[in-house]
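See structure below.
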Amino acid sequence: MTTASSSAAPTLIGSVQRALRLLEAVGAHRDGAPAKQLAREAGLPLPTAYHLLRTLTHEGYLRRENGVFLFGAAAERLAGGRPPIARPGVIVDSLAHWAKAIGTPVYCALFREGEIEIIAVADTPAAPAVDEWASFSETGYAHALGQCLLAQLDEKAREDYLDRHPVQQLTRYSVRDRDMFLDRLRSMKRTEPVIERQEYVLGTVCAAIPITVGPAVAAMAVSLPLDQEERLLAAVEQLRCEVTTLLRSFVFSISI
């Protein structure tokens, strides 16, 4: 006799299914694949794919190298039964600590091999990170983190990036064209944080600071809702102090 419970459809978790489809898509590419290709192959909207890829990378199931995603240590352990190894440590742990201490999301990024790479993002339920609705790596001209990175480059490197990722107005507050953006970069002072107001997403303000660790071109940033803009400068200065303290202790490393 078939009971109601045995004939009922199983409860499926959609987010898990979507994450597994992304993992399967990654597994089909020995040398990795970019986010847009993985989203297309997994049948997912690009913003959803970005969010899941970021989560899977944070958890160690994926890693990002040269703009493509590959299996990370956690996925390899599942496949091969390898002994546990330390998960990405000091950067993720430090960002998580700062997100709680400052009360804002904290972002870390590098400019490497001509591209902007988001290394880690930490937030809290009370202060969630900005949703990556348009690729952070391709819209550096529109957010504080990218502007801070591009401001550290020479003219040739900036021009190369903008040749491949042309300036587009993401919101009515974004820079209108390439010349305007380059003029802005030239006017920036390295000692001052880079401030961006509603250029990447409406209702959000961001501030970024450059991070100097050897030859790395790096930056960190915080974001806040527009109605909390009065907290922005204090928050980014607190981040600067926290990072400086950590750098002086020789614990922080961006050799990823």
Side-chain angles (χ1 to χ4, degrees), residues 46-48 50-55 57-58 91-111 116-152 167-176 180-181 184-185 187-212 218-247 252:
L46 189 56
T48 300
Y50 277 128
H51 179 73
L52 289 170
L53 288 168
R54 188 173 70 188
T55 301
T57 300
H58 177 270
I91 294 179
V92 172
D93 291 346
S94 296
L95 261 66
H97 167 74
W98 296 332
K100 292 178 182 178
I102 301 171
T104 68
V106 180
Y107 312 78
C108 179
L110 294 174
F111 192 87
I116 293 170
E117 295 187 21
I118 302 297
I119 298 303
V121 179
D123 60 3
T124 65
V130 173
D131 185 29
E132 190 176 358
W133 72 274
S135 169
F136 282 145
S137 63
E138 298 177 5
T139 57
Y141 49 82
H143 50 77
L145 199 58
Q147 292 174 19
C148 189
L149 289 170
L150 294 171
Q152 298 177 59
V167 174
Q168 302 178 49
Q169 270 199 291
L170 299 188
T171 77
R172 63 180 179 273
Y173 298 98
S174 305
V175 290
R176 292 192 299 272
M180 178 181 290
F181 178 63
R184 176 190 291 184
L185 291 185
S187 69
M188 288 180 179
K189 297 180 180 178
R190 185 174 176 79
T191 57
E192 297 179 357
V194 176
I195 306 297
E196 171 259 303
R197 296 178 175 87
Q198 303 191 86
E199 294 181 49
Y200 178 77
V201 63
L202 294 176
T204 300
V205 292
C206 300
I209 53 174
I211 305 298
T212 303
M220 299 185 74
V222 297
S223 66
L224 281 166
L226 181 62
D227 60 6
Q228 297 181 35
E229 183 177 3
E230 71 279 359
R231 294 180 51 212
L232 188 64
L233 287 178
V236 78
E237 286 305 322
Q238 185 176 349
L239 176 64
R240 192 201 299 272
C241 291
E242 295 276 3
V243 173
T244 300
T245 299
L246 194 55
L247 285 171
F252 191 85

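Starting from 1, each residue takes its place in the sequence as its number.
Within the model, atoms CG of L202 and OG of S174 stand 8.5 Å from one another, a figure rounded to the nearest 0.5 Å. Interatomic distance, CZ of R240 versus CD1 of I211, reported as 8.5 Å (0.5 Å rounding). Distance CG/L145 to CD1/I116: 7.5 Å, rounded to 0.5 Å. Here the SG-CH2 distance, from C108 to W98, works out to 8.0 Å after rounding to the nearest 0.5 Å. A distance of 10.5 Å separates CD in E132 from NE2 in H51, rounded to the nearest 0.5 Å. The line from CE of M220 to CG of L239 is 5.0 Å long, rounded to the nearest 0.5 Å.
Between C148 and P210 the shortest heavy-atom distance is SG-N, 3.3 Å. Of all heavy-atom pairs spanning P193 and L233, the tightest one is CG-CD2, 4.2 Å. For the residue pair D123 and P105, the shortest heavy atom distance occurs at CB-CB, 4.0 Å. For the pair A122 and A99, the tightest heavy-atom approach, listed with the atom from each and the gap, is O-CB, 3.7 Å. Of all non-hydrogen atoms in A142 and L170, the two that sit nearest each other are CB-CD1, 3.6 Å. Nearest heavy atoms, R231 versus I102: NH2-O, 3.1 Å.
Taking Q152 as the reference, nothing meets the side-chain hydrogen bond (donor to acceptor under 3.5 Å, both in side chains) condition, with sequence neighbours excluded.
By the 30° and 60° cut-offs, the orientation of the rings of F181 relative to Y141 is perpendicular. Ring-plane geometry between Y200 and H143 is classed as perpendicular, the angle between the planes exceeding 60 degrees on a 0 to 90 degree scale with a lower cut at 30.
For S223 and Y107, the side-chain atoms include at least one donor-acceptor pair closer than 3.5 Å.
E117 places no side-chain N or O within donor-acceptor distance of the main-chain N or O of L110, the cut-off being under 3.5 Å. Side-chain N or O atoms of T171 include one that pairs as donor or acceptor with a backbone N or O of Q198 at under 3.5 Å. Y50 places no side-chain N or O within donor-acceptor distance of the main-chain N or O of D131, the cut-off being under 3.5 Å.
Screening residues 192-212 for salt bridge (charged side-chain N to carboxylate O under 4.0 Å, His left out), with sequence neighbours left out, gives R184-E199, R197-E229.
When the options L224, V201, V121 are evaluated for a side chain to side chain contact (heavy atoms under 4.5 Å, CB included) with V130, the one that passes is V201.
Residues V222 and L232 form a side-chain contact, since some pair of their non-hydrogen atoms from C-beta on lies under 4.5 Å apart.
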